[in-house]
Amino acid sequence: MFCTLNTHRLDMDKLLGGQIGLEDFIFAHIRGQKKELEVYKSEESLGLTITDNGAGYAFIKRIKEGSTIHRMQLINVGDMIEAINGKNLVGSRHFEVARALKELPRGRSFTMKLCEPRKAFDMIGQRSSSSANSAGISSGRGTLRLRAKGAPTVEELVREVSVIEEKAIQKVDDLLESYMGIRDSDLAGTMVELGMDKQNPDDFSQALDRTLGDFAFPDEFVFDVWGAIGDAKAGRY
């Protein structure tokens, strides 16, 4: 489903990026229990931040406290979203899943088919404390841990983001929640990256169409995003 760096926990701030050090540990989180839940959409915003692994699996990165989803205790960070109202979403990017959730009518119920990561390390801990048979713990199939030999190095997981970009991402993420009802820092980051070197809103709009054309952003939203990026570049935080 996805990998974390140097922790077996479902820490979405430790998702594996493009670079690792020689002494880093990689933990692969594999598919576990499937579940299908009915959710009543009482508000426009469900309180979800969604990301994907780049290989067709979108999953929940964050849940806003006090939100509709937060009140449903069976939905958790790390859950992969497989289907909404019977529509298969495996193979979709995170922004396509976000759009599908946004388009759901308020005041109605919908079904979500999810798959949670297998909690392998918890199971291993229980076996080790209740049994002296070390063979029972040896497989560890729920989580894969790899360590390369060599001198220790510390490297950033993703490219360094400037303070200006961070402020712009925050503003665009707020706009996504306002327009779409879902926070998505990954999508906001992609939009900011596309707009940082553009000189006018037309160029920015064309870049969005080339990269995120399937999302069909309304013109007023694109204009507001361009303004948020411009404010951040000008130091108007």
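Below, all heavy atoms of this structure are taken into account, side chains as well, without hydrogens, waters or symmetry copies.
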(message) Run the side chain to side chain donor-acceptor pair (under 3.5 Å) test against D174 and tell me which residues pass, sequence neighbours left out.
(response)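 With neighbours one apart ignored, the set is R183.
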
(request) Go through the structure and list residues passing side chain to side chain donor-acceptor pair (under 3.5 Å) with T51, not counting sequence neighbours. (result)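 For T51, the residues satisfying side chain to side chain donor-acceptor pair (under 3.5 Å) (neighbours in sequence not counted) are D186.
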
Closest approach of [X] and [Y], non-hydrogen atoms and distance?
X    : Y    : result
K102 : K41  : O-NZ, 3.3 Å
L101 : I84  : CD2-CD1, 3.3 Å
K233 : K198 : NZ-O, 3.7 Å
I50  : I81  : CD1-CD1, 4.1 Å

Within the distance-only criterion (no hydrogens, no angle test), does the side chain of [X] pair as donor or acceptor with the backbone N or O of [Y] below 3.5 angstrom?
X    : Y    : answer
E165 : S162 : yes
D52  : R93  : no
Q170 : K167 : no
T211 : L208 : no
D79  : N76  : yes
R106 : S42  : yes

(request) Before accepting this row, confirm whether a basic side-chain N of the pair D231/R236 lies closer than 4.0 Å to the acidic partner's carboxylate O. (result)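 So D231 pairs with R236 through a salt bridge.
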
(message) For K35, is there an ion pair with E116 - N to carboxylate O distance below 4.0 angstrom?
(response)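 Judged by the 4.0 Å cut-off on N to carboxylate O distance, E116 and K35 do form a salt bridge.
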
(message) Taking ring pair (Phe, Tyr, Trp, His ring centres under 6.0 Å) as the definition, give me every residue that meets it alongside F217, ordered by chain and number, with sequence neighbours left out.
(response)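 Partners of F217 by the ring pair (Phe, Tyr, Trp, His ring centres under 6.0 Å) criterion, ordered by chain and then number, come out as F215, F221.
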
(request) Determine whether F59 and L114 make a side-chain contact, defined as any pair of heavy atoms from C-beta on separated by less than 4.5 Å. (result)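 No - every pair of side-chain heavy atoms lies 4.5 Å or more apart.
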
(message) For a 4.5 angstrom cut-off between non-hydrogen side-chain atoms, does M72 reach V39?
(response)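 Answer yes - side chains close enough.
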
